[in-house]
Every structure is written in structure tokens, then in C-alpha cells.
J.: 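Once you've had a glance at the structure underneath, I'll fire off some questions.
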Amino acid sequence: MPSADEILQRMKALQERREEAAGPLVEILAKRSRLLEQLAELDEPYGKAYVAAEAGGWTTEELAEIGAEEPVKRPRKRSRSAGKRTGGQASGAADAGGSPTGSIPAQDSSATTAETASSASV
């Protein structure tokens with residue numbers, strides 16, 4: 001039976017081999033991460049340039065022929081203004097009685113109304 005020291009030595013040797021084997025992977029992962037970040041930074045300007053080319057008269061097919069792929073993320077000008085309109089309509093609906101609390105009278109106001117009615121009859 002191996003001693004505790006021998007077991008620890010084997011574990012350390014095994015761990016060292018595993019770390020050495022993972023070293024190149026870790027380096028490549030770090031480079032890949034940096035490149036993906038750089039690529040992501042280009043998505044927005046690429047999308048704007050693509051839309052500008054279309055506005056300049058290029059068709060999607062023509063752009064594809066010259067190697068320009070359609071951008072993954074296109075600039076969204078219309079959806080932003082639509083979102084603002086939708087947000088305004090939603091708050092208007094809540095103000096118009098869409099909220100359950102808008103249809104329930106406050107307790108203080110109902111008591112005041114009852115008191116006013118009784119004092120008016122006196």
C-alpha cells in the first residue's frame with residue numbers, strides 16, 4: 001500500500017500534467033475572447049455602413065455579390081420611436097382607469113361623502 005506522501009506526489013504529478021495540457025487552451029481562449037470583443041465592437045458601425053450603402057442605391061443581392069453579408073444587428077431607428085409611443089399609450093391607459101386602484105374609492109373620501117350628506121340633511 002502506498003504511503004500518504006507517495007499518494008500526494010502522484011496527485012501533484014498528475015495535476016501538473018493536466019495544467020500543462022490545458023495551458024495552450026487557456027492562451028487560445030484568452031485570444032479568442034479578445035477577438036470576439038473586437039468583432040462585437042464592429043457590429044454597430046458595420047450595420048450603419050451597410051444601411052448607408054443600401055440607402056446609396058445598393059441592393060442586398062449586390063452587396064452579397066461583393067462579399068458584404070447582411071449585418072446581424074441592423075440599426076433600429078423605427079423600433080425606438082415605436083417603443084416610446086407604446087410606453088406613452090400604456091401609461092395613458094393606466095391613467096384612464098386601467099389600474100384597479102383607480103376604480104376603488106379611498107376610504108377617507110367615502111366617509112367624507114357620508115358625513116357631508118348627513119350634515120346637509122340636518
J.: Heavy-atom distance under 4.5 Å between the side chains of Y46 and L39, does that happen here?
T.: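 Result no, sub-4.5 Å side-chain heavy-atom pair not found.
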J.: Does Q15, at its CD atom, have more than 12 non-hydrogen atoms belonging to other residues, nucleotides or ligands within less than 6.0 Å?
T.: yes
J.: Run the salt bridge (charged side-chain N to carboxylate O under 4.0 Å, His left out) test on E16 and K12 for me, step by step, so that the C-alpha distance in whole Å, both residues' side-chain angles and the decisive distance to 0.1 Å come before the verdict.
T.: CA-CA 6 Å; E16 286 176 13; K12 287 179 183 179; over 6 Å; no
J.: Apply side chain to side chain contact (heavy atoms under 4.5 Å, CB included) to P2 and list each qualifying residue two or more places apart in sequence or on a separate chain.
T.: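 Applying side chain to side chain contact (heavy atoms under 4.5 Å, CB included) to P2 gives E6, I7, R10.
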J.: Is L35 close to Q38 at the side-chain level, that is, under 4.5 Å between some pair of heavy atoms?
T.: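 Yes, their side chains come closer than 4.5 Å.
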J.: Rounded to the nearest 0.5 Å, how far does OG1 of T60 lie from CD of E69?
T.: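 One gets 13.0 Å once the value is rounded to the nearest 0.5 Å.
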J.: Taking all non-hydrogen atoms of both residues into account, name the closest pair between A68 and Y50 and its distance.
T.: O-CE1, 3.8 Å
J.: Enter the distance from L29:CG to E27:CD here, rounded to the nearest 0.5 Å.
T.: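 Spacing of CG (L29) from CD (E27) equals 10.5 Å.
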